[in-house]
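For reference, the structure discussed in these notes is given below.
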There are 2 protein chains.
Amino acid sequence: MELDERKKKILQAVIRNYLETGEPVGSRTISKYTDLNLSSATIRNEMVDLEEMGYIFQPHTSAGRIPSDKGYRLYVDTMMEEKERELVEMKEMKEMLVERQNKIETLLKQVARVLAQNTQYATMISAPRTKRSKLKFIQLSRVDARQLLAVIVIEGNVIKNNILPMDEELNDETLLKLNILLNTHLNGLSIDEINLAMIAMMKQQAGIHSVIVGEVIDAVAEAIRAEEDLEIYTSGTNNIFRYPELADQRKASELINTFEEKQLLGELLQEGPSEEGETGIQVYIGEETPVQSMKDCSVVTATYELGGGMKGTIGIVGPKRMDYDKVVMTLRTIQSQLDDLYGGGGERVP
Amino acid sequence: MELDERKKKILQAVIRNYLETGEPVGSRTISKYTDLNLSSATIRNEMVDLEEMGYIFQPHTSAGRIPSDKGYRLYVDTMMEEKERELVEMKEMKEMLVERQNKIETLLKQVARVLAQNTQYATMISAPRTKRSKLKFIQLSRVDARQLLAVIVIEGNVIKNNILPMDEELNDETLLKLNILLNTHLNGLSIDEINLAMIAMMKQQAGIHSVIVGEVIDAVAEAIRAEEDLEIYTSGTNNIFRYPELADQRKASELINTFEEKQLLGELLQEGPSEEGETGIQVYIGEETPVQSMKDCSVVTATYELGGGMKGTIGIVGPKRMDYDKVVMTLRTIQSQLDDLYGGGGERVP
DNA sequence: TGTTAGCACTCATTCAAGAAGAGTGCTAAC
DNA sequence: GTTAGCACTCTTCTTGAATGAGTGCTAACA
């Protein structure tokens, strides 16, 4: 069977209506509120076809139709209208971001919050992965007799620090040498590029102090590698209660748990989406999502870039009848705003 | 009317039973499952008295009795038995904490998680306030031409850092002087003690570089003062769904929102509880809590200490029929375990 | 005087049956 | 190909009765 223009229009009408109301939509509604000028009976006939094709279904006999995952998919892929939305909202959003945060963490939290407020869905955002960013600056200082403080600054001014316990005391001279050694060798490298050979080489160069130095270098390498666990910030979790289809106890509990145990979100945010259509925006509908607890949700993700190759992912989680148009629009806006504010220069980042 | 021994026993029985079942408890139940050897009729008479005195009430005529806030309060204050609990659980808990975390943040998250798992309630923990802790070490380094990195280590090895943008370039010599200046004057002071006079004095001493230096010092002072917003970690939020009396949509949504907007928890965790009974453990029942959304909950808070005067607060939030004995026990255990692991020495902290 | 047995009464909960309403599928006519 | 009409299905809401837990009160008992 073919999906002709009229069927498409009807499907679109069904979905639009369902997005708004959340109730199964019947033939009469469509007949009345579209410009097709068809009677409900005709609509019914078409609906039977659409159901056979798998785009819509009935929750029970003699109920209206609800879009299936496949239906939503078609809608998102081909029928979504980019409405020219009230750009006011967006401006407000921009203003909220504009007060330039001086910590990346604060910025991300703010983005999540603004998005949640703006869309009324639950949001999440992963901090940019630092693995591929370059080291900019390393400094060891002595905090007290047995403890060193290692401060590592990564491109984009992401700062990591670690206390390294020392078995032996280091004198000032050694410390100075170490600092020089670390900076000459590691500066400009990405974390990926620091390998065993590299470390061995540095140990060798350390000469007399080889043992102590080796220890320190190992610790530093370790410190750099650590924190590799994806940091994720979330907001608007309780927005899920706005949507009855997600608000029942079991589902809500599972969803909230997922948002609390942020690692579970990793699967969605870890892999930069597969470069879909240039924009880096990807839509997962229902079963398509890799996260079990979101089988009844839709998830829209977008990559963002803060300059200097620092990329992260933003995600929005809502009911399947989410306002896809608005969400995609909003994500685009955020993307471009982050780009305006922090992008390009690379060094302008907080 | 007087609360004689028998009334107390009956009240205790009612509360115990209600804690277990969550259902209103009737006279017959009490008559059968206590060693009072009284008929249900007698119990009924006593219950009427207890109701008049405000310790229990009926959710509706011809239902069993439920403890009132006042009833719970009496129970917590005078009738709670410190059961010798399965210490096994506690040992496990200890083991989970023992893998010494090297960041305070990780430790706190872990504590929250372990507590939530152990008690099946929602937990929260505030990071130790750093206001009163002493500065241990300050270092400025040049990251690039126009940016300084300020690293500030506070007693207990809490590390703060900030990027300070500079209008002018600083040469190495000035930087060195600055570092010495900052360390000589600020070391050992608490953040509270850094006042305007202090800063003015330092600016003066900076002599030639007074202007630039002034800028830097202001920025450092600012950086220290910043981050004054209480950091709070939470866990087990979705445990609230275990208790039907909290799981309805409105309440759950409000509670979850409170846990997400962590500032709202500040009131509970900010003020170290008023030194109640030495242990620093405080119980808020129902209306007693300062947080609006928890009017139907009970909250138990405890202060903890990580050595070096670093104090924070742990909170556990559950239904009013929470297992107070267990919660108090568990909090005590955590307190002492944190003390064992990190306390005393003050310098042993991660 | 305190305790108990007994009984009438109240109220929440459960269940079934019925009514209402929404929406469909199908057929026959246009 | 489209539409009107009607029987049919299924959900939801309402009602009323049955059930059962638990109380309050009274009268008898020790």
Side-chain angles (χ1 to χ4, degrees), chain A residues 1-11 13-18 20-68 71 244-245 248, chain B residues 1-11 13-18 20-68 71 244-245 248:
Chain A
M1 198 172 331
E2 218 212 328
L3 193 68
D4 58 28
E5 207 48 42
R6 197 171 72 175
K7 285 195 173 54
K8 269 190 197 167
K9 274 198 175 168
I10 293 173
L11 177 57
V14 170
I15 295 181
R16 285 269 162 75
N17 197 289
Y18 186 69
E20 270 179 38
T21 65
E23 298 289 315
V25 4
S27 53
R28 188 128 183 292
T29 316
I30 302 293
S31 150
K32 266 175 35 187
Y33 299 104
T34 39
D35 47 2
L36 290 168
N37 284 324
L38 293 173
S39 78
S40 61
T42 314
I43 304 286
R44 278 205 287 284
N45 289 331
E46 296 287 45
M47 278 172 140
V48 172
D49 294 351
L50 283 169
E51 181 154 8
E52 266 176 33
M53 290 188 268
Y55 292 113
I56 52 180
F57 69 99
Q58 296 178 276
H60 56 86
T61 354
S62 86
R65 279 7 190 250
I66 287 179
S68 67
E245 61 265 53
D248 79 274
Chain B
M1 200 173 327
E2 217 212 330
L3 192 69
D4 59 28
E5 206 49 41
R6 197 171 74 176
K7 285 194 172 56
K8 269 191 196 167
K9 272 196 175 167
I10 291 173
L11 177 57
V14 170
I15 295 180
R16 285 267 162 76
N17 198 291
Y18 185 70
E20 270 178 38
T21 65
E23 298 290 315
V25 3
S27 53
R28 189 133 182 291
T29 316
I30 301 294
S31 150
K32 263 173 38 187
Y33 299 105
T34 39
D35 48 3
L36 289 168
N37 285 324
L38 293 172
S39 78
S40 63
T42 314
I43 304 285
R44 276 205 287 285
N45 289 330
E46 295 287 47
M47 277 172 142
V48 172
D49 294 349
L50 283 169
E51 184 156 6
E52 267 175 32
M53 287 188 272
Y55 292 112
I56 54 182
F57 69 99
Q58 295 177 277
H60 56 86
T61 355
S62 87
R65 270 25 182 240
I66 287 180
S68 67
E245 62 265 52
D248 79 274

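Predicted model only: the values in this text are computed from it and were never measured. Lettering of chains follows the sequences in order, A, B, ..., and the numbering in each one begins at 1.
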Worksheet item: Is there a residue in residues 26-35 of chain B whose heavy atoms reach under 4.0 Å of DNA chain D, and which residues are they?
Response: B:G26, B:S27
Worksheet, complete the sentence: Contact check, residues 52-64 of chain B vs DNA chain D, heavy-atom distance under 4.0 Å, returns B:Q58, B:S62, B:A63, B:G64
Specify the separation, in whole Å, of atom [atom1] of [X] and atom [atom2] of [N].
| X | N | atom1 | atom2 | answer |
| --- | --- | --- | --- | --- |
| B:L38 | D:dC29 | CG | P | 20 Å |
| B:E46 | C:dT4 | CD | P | 11 Å |
| B:R65 | C:dA12 | CZ | P | 15 Å |
| A:I43 | C:dG23 | CD1 | P | 14 Å |
| B:D49 | D:dG24 | CG | P | 11 Å |
| B:M47 | D:dT23 | CE | C1' | 10 Å |
| B:L36 | C:dT3 | CG | C1' | 13 Å |
| A:N45 | D:dG5 | CG | P | 16 Å |

If you take all heavy atoms of [X] and [Y], which pair is closest and at what distance?
| X | Y | answer |
| --- | --- | --- |
| A:Q58 | A:A63 | NE2-O, 3.0 Å |
| B:I15 | B:G71 | CD1-O, 3.5 Å |
| A:L11 | A:L50 | N-CD1, 4.0 Å |
| A:G54 | A:S68 | O-OG, 2.6 Å |
| A:P59 | A:I66 | CG-CD1, 3.9 Å |
| A:M47 | A:I30 | CE-CG1, 4.3 Å |

Worksheet item: Given D:dG1, is OP1 or OP2 found less than 4.0 Å from the side-chain N or O atoms of A:R6?
Response: no
Worksheet item: Just wondering, more than 12 heavy atoms not from B:K7 lying within 6.0 Å of its NZ?
Response: yes
Discussion item. Would B:K9 and B:T34 count as a side-chain contact (heavy atoms from CB on, under 4.5 Å) here? Give the steps.
Written reply: CA-CA 9 Å; B:K9 272 196 175 167; B:T34 39; over 6 Å; no
Worksheet item: For the salt bridge (charged side-chain N to carboxylate O under 4.0 Å, His left out) test, which of A:E51, A:E23, A:E46 pairs with A:R65?
Response: A:E51
Worksheet item: Would B:L3 and B:Y55 satisfy side-chain contact (heavy atoms from CB on, under 4.5 Å), going step by step from the backbone distance to the final call?
Response: CA-CA 10 Å; B:L3 192 69; B:Y55 292 112; 3.9 Å; yes
Practice prompt. Using only heavy-atom distances, decide whether a donor-acceptor pair under 3.5 angstrom links the side-chain of A:R44 to the base of D:dG5.
Written response: yes
Response to the item:
DNA chain C in dot-bracket form (Watson-Crick or G-U pairs under 3.5 Å, [ ] crossing, | inter-strand) is ||||||||||||||||||||||||||||||
Discussion item. I'd like to know whether A:V48 forms a side-chain contact (heavy atoms from CB on, under 4.5 Å) with A:R44, so could you lay out the CA-CA distance, the side-chain angles of the two residues, the decisive distance to 0.1 Å, and finally the verdict.
Written reply: CA-CA 6 Å; A:V48 172; A:R44 278 205 287 284; 5.7 Å; no
